[in-house]
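See structure below.
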Protein chains: 2
Amino acid sequence: MKIGELTKITKLSSHTLRYYERIGLLPRAHRSSSGHRIYDEATLTWLEFLGRLKATDMSIKEMQLYAKMRQNGPSTELERQKLLEHHRLKVRIKLAEIKTSLSVLDCKIDTYAESIKQKGKTNGRSNHK
Amino acid sequence: MKIGELTKITKLSSHTLRYYERIGLLPRAHRSSSGHRIYDEATLTWLEFLGRLKATDMSIKEMQLYAKMRQNGPSTELERQKLLEHHRLKVRIKLAEIKTSLSVLDCKIDTYAESIKQKGKTNGRSNHK
DNA sequence: CTACAAGTTAGAGTTCACTCTAAGTCAATA
DNA sequence: TATTGACTTAGAGTGAACTCTAACTTGTAG
């Protein structure tokens with residue numbers, strides 16, 4: 001498939017896709033006779049996985065490292081596993097942090113709800129005319 | 001308390017604390033006779049809450065809006081509640097996304113574990129000498 | 001009294017992750 | 001044949017959130 005089709009599937013701009021290739025997140029795509037990039041299914045699968053890493057806030061630098069190891073074949077599998085385990089740990093910590101913050105948010109919202117309800121009551125009494 | 005003490009408690013640099021004041025995330029701190037900033041408990045509490053917003057990836061722009069409403073007193077409580085509810089929704093979505101990605105990560109790590117175990121077996125057989 | 005650590009300001013610099021521009025090529029349609 | 005639109009490249013520009021610099025003043029320990 002051509003770059004335009006891939007932008008539709010991945011919601012990444014063609015600029016971004018070319019940028020990813022430039023910095024080594026994507027392997028150099030095959031070119032058509034006219035020099036246009038031709039992508040295959042494997043690239044799509046890889047982009048989907050990159051999306052997961054991005055969704056969990058992995059930095060481009062770390063993704064580049066992972067991508068490079070992947071290019072270097074099966075001998076890097078143990079390293080790759082370790083990189084992902086390390087990342088997973090950070091994500092778990094972040095997840096716990098978000099959960100805590102979310103309950104603080106819940107609490108704050110409840111406080112506002114209480115306060116606003118209270119104001120309503122007061123206004124009700126004082127605005128009787 | 002002075003800025004140095006606050007940096008130790010909040011783990012934010014004095015640069016950042018002054019930056020926050022400059023952009024309106026923190027109200028202008030009282031100054032000592034010599035012009036040094038003097039912070040009170042309320043500022044610390046507010047910084048802790050800002051930390052929760054930051055931990056859930058609220059942008060500085062949105063925090064500025066919230067901070068401004070806060071400065072404008074109780075009449076903005078309903079607006080503030082709505083802002084937080086809107087933010088909470090985004091956080092919940094992000095949380096779900098992270099959970100999904102985390103299980104993809106688990107799966108990938110398992111795949112590596114399997115593959116490496118398999119390699120171990122093969123080597124064990126072929127390296128019997 | 002002298003160091004020196006900690007504070008002040010305005011404003012410049014950095015990093016990240018894109019995002020866009022300019023100038024050009026190529027493929028398909030009216 | 002002319003135009004339209006998708007593609008190519010190298011490289012410049014952007015916005016977010018800090019982070020640091022320079023030049024200066026102030027507070028405290030020896």
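Keep in mind that the numbers below use all heavy atoms, side chains included, and drop hydrogens, waters and symmetry copies. Labels below follow one simple rule: chain letters A, B, ... track the order of the sequence lines, proteins then strands, and each chain is numbered from 1.
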### Query
For the pair made of NZ in B:Lys54 and P in D:dA16, what is the distance, rounded to whole Å?
16 Å
### Summary
Taken in chain and number order and not counting sequence neighbours, the residues that satisfy side chain to side chain donor-acceptor pair (under 3.5 Å) with A:Asp106 are B:Arg88
### Query
Looking just at side-chain N and O atoms, do A:Arg80 and B:Tyr112 make a donor-acceptor pair shorter than 3.5 Å?
yes
### Over 12 foreign heavy atoms within 6.0 Å of CD, B:Glu41
no
### Task
Round to the nearest Å and state the distance from B:Gln64 atom CD to D:dA17 atom C1'.
11 Å
### Query
Would a distance-only check, ignoring hydrogens and angles, find a side-chain to backbone donor-acceptor pair under 3.5 Å from B:Lys94 to A:Ala55?
yes
### Task
Quick one: closest heavy-atom pair of B:Arg52 and A:Thr100, and the distance?
NH1-CG2, 3.6 Å
### Query
Which residues in residues 7-22 of chain A have at least one heavy atom lying under 4.0 Å from any atom of DNA chain C?
A:His15, A:Thr16, A:Tyr19, A:Tyr20, A:Arg22
#### Entry: Within residues 45-52 of chain B: residues closer than 4.0 Å to DNA chain C (heavy atoms)
none
### Query
Taking B:Asn72 for the side chain and B:Ser75 for the main chain, is one N or O donor matched with an acceptor at less than 3.5 Å?
no
### Message
Could you check whether A:Arg31 pairs with A:Glu21 (Lys NZ or Arg NE/NH1/NH2 to Asp/Glu carboxylate O, under 4.0 Å)?
### Response
yes
Tabulated below should be each protein N or O lying under 3.5 Å from an N or O of nucleotides 26-30 of chain D; please produce it.
| unit_1 | atom_1 | unit_2 | atom_2 | d |
| --- | --- | --- | --- | --- |
| D:dT26 | O3' | B:Ser34 | OG | 3.4 |
| D:dG27 | OP1 | B:Ser34 | OG | 2.7 |

### Query
Taking 4.0 angstrom as the limit, do B:Glu62 and B:Lys90 come out as a salt bridge?
yes
### Message
As a test of understanding, state which of A:Lys108, A:Lys117, A:Lys119 forms a salt bridge (charged side-chain N to carboxylate O under 4.0 Å, His left out) with B:Glu77.
### Response
A:Lys119
### Task
State, yes or no, whether a side-chain contact exists between A:Leu25 and A:Trp46 at a heavy-atom distance under 4.5 Å.
no
### Task
Output the distance between atom CG (B:Leu17) and atom OG1 (B:Thr10), rounded to the nearest 0.5 Å.
5.0 Å
### Nucleotide interval of DNA chain C bounded by contacts with chain A (heavy-atom cut-off, under 4.0 Å)
C:dC16 to C:dA27
### Message
Would the distance check show the side chain of B:Thr7 and the main-chain N or O of B:Lys11 forming a donor-acceptor pair, the cut-off being under 3.5 Å?
### Response
no
### Task
Report yes or no: do A:Ile38 and A:Leu26 belong to one cluster of Ile/Leu/Val/Met/Phe/Trp/Tyr joined by side chain heavy-atom distances under 4.5 Å?
no
### Message
How many whole angstroms separate atom OH of A:Tyr39 from atom C1' of D:dC7?
### Response
11 Å
### From CD (B:Glu48) to CD1 (B:Ile9), nearest 0.5 Å
8.5 Å
### Query
How large an angle, rounded to 10°, do the end axes of the helix from C:dC1-D:dG30 to C:dA30-D:dT1 enclose when each is built from five base pairs?
10°
